[in-house]
Asker: 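One structure coming up, written as structure tokens, with questions to follow.
Order of the sequence lines fixes the chain letters, A, B, ..., with proteins taken first and strands second; residue numbering starts at 1 for each chain. All values below were derived from every heavy atom in this structure, side-chain atoms included, with hydrogens, water molecules and symmetry-related copies excluded.
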There are 2 protein chains.
Amino acid sequence: MDDRREPSLLFLTDEQLKKGIEAMYFAYRGFTADPDRILEKYGYGRAHHRALHFIHRTPGTNVNNLLAILSVTKQSLNRVLRTLIEDGLVDSRVGTRDKRERNMYLTEKGQALEAELAEAQRARMRAAYRDAGPEAVQGFRQVLEAMMDPDMRRHFNTLKDPD
Amino acid sequence: MDDRREPSLLFLTDEQLKKGIEAMYFAYRGFTADPDRILEKYGYGRAHHRALHFIHRTPGTNVNNLLAILSVTKQSLNRVLRTLIEDGLVDSRVGTRDKRERNMYLTEKGQALEAELAEAQRARMRAAYRDAGPEAVQGFRQVLEAMMDPDMRRHFNTLKDPD
DNA sequence: TTGGAAAGTCAACAAGGCTGACGTAAATTG
DNA sequence: CAATTTACGTCAGCCTTGTTGACTTTCCAA
């Protein structure tokens, strides 16, 4: 019997998996390239982008919630949050129900930067979707979701779904 | 005329694009999680993993080639290569044709670590492919490739393709 | 033979992770 | 009501991995 198999959709060689791994690596670089350029103009980094993104996504979110989504220490997050608050991009309000909590909101200035970053990233994503074709989008999302750690998948699915 | 449209494969709302962006973010974290854990055991970081991966992928590659693929400064790369060479994971041989060049090869020890890292990452990728189904894999790869910067896509396609 | 490419090295710096320790206010629990 | 826990902020110090700039050595090629 011949053990060799034809490349197929079902059987994936280590080499084919490796191409997927490399695709993920190179694509992520493209994914972050446009925001990185914008952030540099303002003297911010990816950490600031992540904070802006998730505060925009969940207005009024507290620090603990952000820590869980971002998986960083509070010291790391605090450094970023502090500069965003000082620079007037984020508004930190004492919680109404629980006064220990701080509820985070984007100011107009913060919304403006978030919008600039988001539009750049959406443009890249839109172009990639267009080039790959509509059927590809489903597969893309399915594989990405399957690749997440369960905890992160939970967070991902908790964020409001537009579908 | 009604401007509202039904969600479809062809028309993507900003919200749907945002979900794609978040999927990319969370998935990349899963993608790097297993190697990160392994690297920590040995006191290495992602930079070491990247060097090991691409030296394994293109045995005998020189520094300039690695710099182009990794898009870092030679000072950054050098620091990583130096430790890998000192630790006996990488063998740096003076070029035969051009003696200015250094051709990089993995030692047995280097191959062992690379294999451990690669297998962990392939396992994650294999599981994601299995969960998402065979049709999804095509789309996944197509979107990722479309998302790359042209320079990186060139590098990606230059690496030996198993298909 | 000389200019420039390739490689390596030193120094200094920054972003953004981390740990550990400590303080304060507010909520919760016994 | 007292004690404990929770949420948050902050200080100090460390690490990895990126950066720029300057400088040297080697050595190929015009």
Side-chain angles (χ1 to χ4, degrees), chain A residues 25 28-29 32-33 35-55 60-87 90-105, chain B residues 25 28-29 32-33 35-55 60-87 90-105:
Chain A
Y25 170 65
Y28 195 77
R29 293 240 302 255
T32 55
D36 282 353
R37 268 186 291 272
I38 294 167
L39 290 159
E40 212 196 345
K41 292 194 304 180
Y42 300 93
Y44 295 129
R46 274 185 211 176
H48 302 87
H49 184 187
R50 290 195 280 266
L52 288 175
H53 176 95
F54 286 109
I55 293 170
T61 187
N62 61 26
V63 173
N64 261 356
N65 197 1
L66 286 174
L67 290 178
I69 286 183
L70 297 172
S71 303
V72 292
T73 58
K74 63 174 178 174
Q75 292 92 329
S76 258
L77 176 60
N78 189 257
R79 181 167 36 197
V80 167
L81 242 30
R82 200 189 319 155
T83 70
L84 291 175
I85 292 166
E86 281 171 4
D87 295 356
V90 167
D91 186 13
S92 168
R93 303 182 205 157
V94 172
T96 48
R97 245 188 22 215
D98 187 334
K99 290 178 188 168
R100 290 171 306 178
E101 296 184 356
R102 299 289 179 275
N103 299 128
M104 303 293 171
Y105 299 90
Chain B
Y25 169 65
Y28 195 78
R29 293 239 303 254
T32 55
D36 283 353
R37 269 187 289 272
I38 293 167
L39 289 159
E40 212 196 345
K41 290 194 303 179
Y42 299 94
Y44 294 128
R46 274 185 212 176
H48 301 87
H49 184 188
R50 290 195 280 267
L52 289 174
H53 176 96
F54 286 109
I55 293 171
T61 188
N62 61 26
V63 172
N64 259 0
N65 196 2
L66 286 173
L67 290 179
I69 287 183
L70 298 171
S71 303
V72 293
T73 58
K74 64 175 176 174
Q75 293 89 332
S76 251
L77 176 59
N78 190 258
R79 181 168 35 200
V80 167
L81 284 179
R82 199 190 320 152
T83 69
L84 291 175
I85 292 165
E86 281 170 3
D87 294 356
V90 167
D91 186 14
S92 168
R93 304 182 205 156
V94 174
T96 48
R97 246 189 20 216
D98 186 333
K99 289 177 189 169
R100 290 169 305 180
E101 296 183 356
R102 299 288 180 275
N103 299 127
M104 304 291 172
Y105 299 89

Asker: Hey, does the side chain of B:R102 come within less than 4.0 Å of D:dT26's phosphate (OP1/OP2), counting only N and O?
Answerer: no
Asker: Hey, which sits more toward the 5' end of DNA chain C by its nearest nucleotide, A:K74 or A:R97?
Answerer: A:K74
Asker: Atom CZ of B:R50 and atom C1' of D:dT16: how far apart are they, to the nearest Å?
Answerer: 11 Å
Asker: Rounded to the nearest 0.5 Å, what separates atom CD in A:E101 from atom CG in A:N64?
Answerer: 7.5 Å
Asker: Report the distance from atom CZ of A:R93 to atom P of D:dG9, rounded to the nearest whole Å.
Answerer: 15 Å
Asker: Rounded to whole Å, please give me the gap between CD1 in A:I85 and P in D:dC8.
Answerer: 12 Å
Asker: Can you check whether B:H48 has a side-chain N or O nearer than 4.0 Å to OP1 or OP2 of D:dT17?
Answerer: yes
Asker: What about B:R100: does its side chain form a donor-acceptor pair under 3.5 Å with the base of C:dA5?
Answerer: yes
Asker: Whole angstroms only, please: what is the CG-P distance between B:N103 and C:dG8?
Answerer: 11 Å
Asker: Can you see if the side chain of A:T73 gets near the phosphate of C:dC18 - specifically, an N or O under 4.0 Å from OP1 or OP2?
Answerer: yes
Asker: Counting side-chain heavy atoms from C-beta on, which of D:dC8, C:dA7, C:dC18 comes nearest to A:V72?
Answerer: C:dC18
Asker: So A:S71, base contact, sugar-phosphate only, or nothing? Heavy-atom distance under 4.0 Å.
Answerer: sugar-phosphate
Asker: Does any part of the side chain of A:L52, heavy atoms only, come nearer than 4.5 Å to the side chain of A:Y44, both counted from C-beta?
Answerer: no
Asker: Tell me: CG of A:L67 to P of C:dT19, nearest whole Å?
Answerer: 12 Å
Asker: Check every atom of D:dC8, D:dT19, C:dG17 against the side chain of B:S76 and return the nucleotide holding the closest atom.
Answerer: D:dT19
Asker: Mind checking if B:K99 touches a base, just sugar-phosphate, or nothing, with heavy atoms under 4.0 Å?
Answerer: sugar-phosphate
Asker: Pick the closest DNA chain D nucleotide for A:R82 and for B:L77 by heavy atoms, then say which residue is nearer the 5' end.
Answerer: A:R82
Asker: Round to a whole Å and report the spacing from CD of A:Q75 to C1' of D:dG13.
Answerer: 12 Å
Asker: On the nucleotide D:dC8, are OP1 or OP2 found under 4.0 Å from the side-chain N or O atoms that A:N64 carries?
Answerer: yes
Asker: A:Y42 OH to C:dA15 P: how many Å, rounded?
Answerer: 18 Å
Asker: Between B:N78 and C:dT9, is there a side-chain N or O to OP1/OP2 distance below 4.0 Å?
Answerer: yes
Asker: Search all heavy atoms of A:V72 against all heavy atoms of A:L67 and return the closest pair with its distance.
Answerer: O-CD2, 3.6 Å
Asker: Nearest heavy-atom pair of A:R46 and A:T32: which atoms, and what distance?
Answerer: NH2-OG1, 3.2 Å
Asker: Is the count of non-hydrogen atoms from other residues, nucleotides or ligands lying under 6.0 Å from B:E86 atom CD greater than 12?
Answerer: yes
Asker: Expressed as a whole number of angstroms, how long is the span from B:R79:CZ to C:dT9:C1'?
Answerer: 12 Å
